[in-house]
Peer 1: 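Next up is a structure, given as structure tokens.
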Amino acid sequence: MNDKNSIDEIDQSIIEALQLDGRRPFTKLAAELGISEASVRQRVANLINTQVMQIVAITNPIKLGFSLASMIGIRVSGERLLQVAEEISAFDEVIYLIITTGSFDLLAEVVCRDNDHLLNFLTEKLYKVQGVQQAETYTYLRVCKQNNWAFLSQARLSPSPSHIQGHPRNE
């Protein structure tokens, strides 16, 4: 299952059903799809083992007291890009961090309790990271579209920073 062509319609139906309710019983899925429970169980295990999907608890930041979300574009001195990305990814407020091309070197999605928390994050954490040259904050006013499935920030598209050679957690 290294490419999307190896996922058939049944796999896709299983994925869509579990995106709506990750606790849906395999017996109900099997009945809806007209296949055996064992087949559903085997397909789910395969989808998980091949990292096509994962089943996780998704929290609602607002219910946890984090009512302010922002996207921050960050410019970094080139020689420190990977180190800066690692440092920023360790901050609790950062829920999504990517290295990108374009006007910014990094894009960070950040959740905070309120404006004071965001100000503290910017001044006491982000701006103190050696190599951060500039940051531009875009505070979310309203989410106009959100995909039905998990946020991109929850998909593991490449190895996490802990898989970077020389990272302290690997030594």
Peer 1: A quick test of your reading: do over 12 heavy atoms of other residues, nucleotides or ligands sit less than 6.0 Å from CD of Glu16?
Peer 2: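 Check passes, neighbour count above 12.
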Peer 1: Which pair of heavy atoms, one from Ser103 and one from Arg75, lies closest together, and at what distance?
Peer 2: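 Heavy-atom minimum between the residues: O-NE, 2.8 Å.
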Peer 1: Locate the shortest heavy-atom distance separating Glu37 from Ala30; write the atom from each residue and the value.
Peer 2: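 Taking every non-hydrogen atom into account, N-CB, 3.6 Å.
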Peer 1: Can you find a heavy atom in the side chain of Phe121 that is under 4.5 Å from one in the side chain of Thr137?
Peer 2: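 A side-chain contact is absent here, since even the closest heavy-atom pair is not under 4.5 Å.
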Peer 1: Would you sort out whether Val52 and Asp11 count as a side-chain contact (heavy atoms from CB on, under 4.5 Å), showing the intermediate values?
Peer 2: CA-CA 10 Å; Val52 170; Asp11 288 333; over 6 Å; no
Peer 1: With clusters defined by side-chain heavy atoms of hydrophobic residues (ILVMFWY) lying less than 4.5 Å apart, directly or transitively, does Leu119 cluster with Phe91?
Peer 2: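 Each belongs to a different hydrophobic cluster.
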Peer 1: Are Val40 and Ile48 linked, directly or through other ILVMFWY residues, by side chains that come within less than 4.5 angstrom of each other?
Peer 2: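 Yes, because Val40 and Ile48 connect within a single hydrophobic cluster, where side-chain heavy atoms sit under 4.5 Å apart.
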Peer 1: Taking the side chain as every heavy atom from C-beta outward, state whether Ile72 and Leu122 have any atom pair closer than 4.5 Å.
Peer 2: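 Contact flag for Ile72/Leu122 side chains = yes.
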Peer 1: Are any of the side-chain nitrogens in Asp8 or Arg43 under 4.0 Å away from the carboxylate oxygens of its partner?
Peer 2: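 Salt bridge flag = yes for Arg43 with Asp8.
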Peer 1: Is any side-chain heavy atom of Val132 closer than 4.5 Å to one of Arg80?
Peer 2: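 No, too far: nothing below the 4.5 Å cut-off.
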Peer 1: Under 3.5 Å, is there a donor-acceptor pair linking the side chains of Gln83 and Glu87?
Peer 2: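 There is no such pair between these side chains.
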Peer 1: Looking at every non-hydrogen atom in both residues, tell me the closest pair between Ile55 and Gly22 and how far apart they are.
Peer 2: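 In this case the closest contact between Ile55 and Gly22 is CG2-O, 3.9 Å.
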Peer 1: Considering all heavy atoms of both residues, which atom of Leu118 and which atom of Thr139 are nearest to each other, and what is their separation?
Peer 2: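 For Leu118 and Thr139, the tightest heavy-atom pair comes out as CD2-OG1, 4.3 Å.
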Peer 1: Is any side-chain heavy atom of Ile74 closer than 4.5 Å to one of Phe104?
Peer 2: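 No. Closest side-chain heavy atoms not under 4.5 Å.
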Peer 1: I'd like to check the salt bridge (charged side-chain N to carboxylate O under 4.0 Å, His left out) partners of Arg113; sequence neighbours left out, ordered by chain and number.
Peer 2: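 Partners of Arg113 by the salt bridge (charged side-chain N to carboxylate O under 4.0 Å, His left out) criterion come out as none, since no residue qualifies.
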Peer 1: Does Lys28 come within less than 4.0 Å of Glu32, counting only side-chain N to carboxylate O?
Peer 2: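 A salt bridge is absent here (no side-chain N lies under 4.0 Å from a carboxylate O).
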Peer 1: Give me the atom names and distance for the closest heavy-atom approach of Met53 to Ile15.
Peer 2: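 Result for this residue pair: SD-CG1, 3.9 Å.
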Peer 1: For the residue pair Ala135 and Tyr127, what are the closest heavy atoms and their distance?
Peer 2: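 What the structure gives for the nearest pair is CB-CE2, 3.8 Å.
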